[in-house]
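The figures here come from the full heavy-atom set of this structure, side chains too, leaving out hydrogens, waters and symmetry mates. Keep in mind it's a predicted model, so treat the numbers as computed, not measured. For ligands, and for the atoms within them, numbers begin at 1 and follow the listed sequence.
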Amino acid sequence: MTEQRASATSFGANEGASDLAAILKRRGISRREFLRFCAVIGGTLALPAGFGSQIAEALEKAKKLPVVWLEFQDCAGCTESFLRASHPTTAEIVLDVLSVDYHETIMAASGHLAEEAKHHTMEAGGYLLVVEGAIPLADGGVYCCVSGQTAEDLLMEAAASAAAVIAVGSCATFGGLPKAAPNPTGAVGVMDLIKDKPVVNLPGCPLNVVNLTATIVHYLTFNELPEMDDLHRPLFAHGARIHDNCERRGHFDAGEFVMEWGDEGHRKGWCLYKMGCKGPIAFFNCPTVRWNEGTSWPVASGHGCIGCALPDFWELGAYKTVDIQKFTPPATYPSVEEAEEDISVVDVGIVGGLAGLAGLAIGAAGMAAARRSQSGEKEGG
Ligand code: SF4
């Protein structure tokens, strides 16, 4: 991770200021709305209050950032997510200031003209490479070719001069549906192939465009990629367990579960754990950021989380109950774990006394570290 942060390069090498103020004015977005957007993105990135104005300043000064967007084995759902909005939002406009020089699904040019645009951008270098879809390696890569080149060749060629690579959606990050057993095309994710570049993984089926926006804004503001976990996922989006932020959590703790679709518990909004919800093993910001401009998310609409940000989530079984080794009630609750060995009353007295002394030294920081470590152990079951 340190290596990735150190090797992140500035976007400022490209010519032409974005002139965000003019774009905002043309689109009828007031300065107040723009500042509110910057504050919301600061919140999404888990930055302290007050960073909104720093983000606004950085975006106003940002140069146009060329983007090459490649699609391989995908359903174009992440592109849909990128484009989909019922009305132009400020986030869209910030994304508009990017110069999307190559995107097969949305670009007007086709054939040689499209390829020419891509090569022109690649020659200049310093662009952002966004990849959607898995890369098939079996049988010489014949299962996905564009303009006579295999997906693998296209990816490696485009990554060579990119400033950074962002893999969007579950297919580009971890192989997704194309990689599901028996994986006939030998599909892999971007990070399986690119080892010499910073790669950010934004999994999800599809990508949540808020997280793409926040990642780009972070890069434009701080000239580096956001901090990531060992799966290359930004911590601001994948640092917290869904189960811990879920609005149905109170029902889980109270033992109130939906047992059948449409039953009384389902109508009352009880916990979906027994219907296969993967919230206890999945780390994603769906409960807080939500989808469709913050309208809702799967659990709010009555379906359990399917764990789409987890590697190989297709193999988990959408309706199979996940095995929770240790329940995780709030810290104020007594532990429900069973003791592994017999503990005598005397032991309890001694341990209690020592814990009282040690507790003074360890304090809240130790508790937080222990809880974080417990979380890390359990992701993915
Ligand atoms: Fe929410 Fe699912 Fe956890 Fe129940 S199991 S509290 S529905 S995340």
Donor-acceptor contact present, side-chain His266 to main-chain Gly302, <3.5 Å: yes
Would a distance-only check, ignoring hydrogens and angles, find a side-chain to backbone donor-acceptor pair under 3.5 Å from Ser81 to Gly77? no
Would you say Thr150's side chain and Cys145's backbone share a donor-acceptor pair under 3.5 angstrom? no
Can you check the number of protein N/O/S atoms within less than 2.8 Å of atom 3 (Fe) of ligand 1? 1
Evaluate the side-chain proximity of Ile242 to Pro287: yes if any heavy-atom separation is below 4.5 Å, no if none is. yes
Check whether any side-chain N or O of Asn208 sits under 3.5 Å from a backbone N or O of Val210 as a donor-acceptor pair, and report yes or no. yes
Between His218 and Phe222, what is the ring plane arrangement, given parallel below 30°, perpendicular above 60°, and tilted in between? tilted
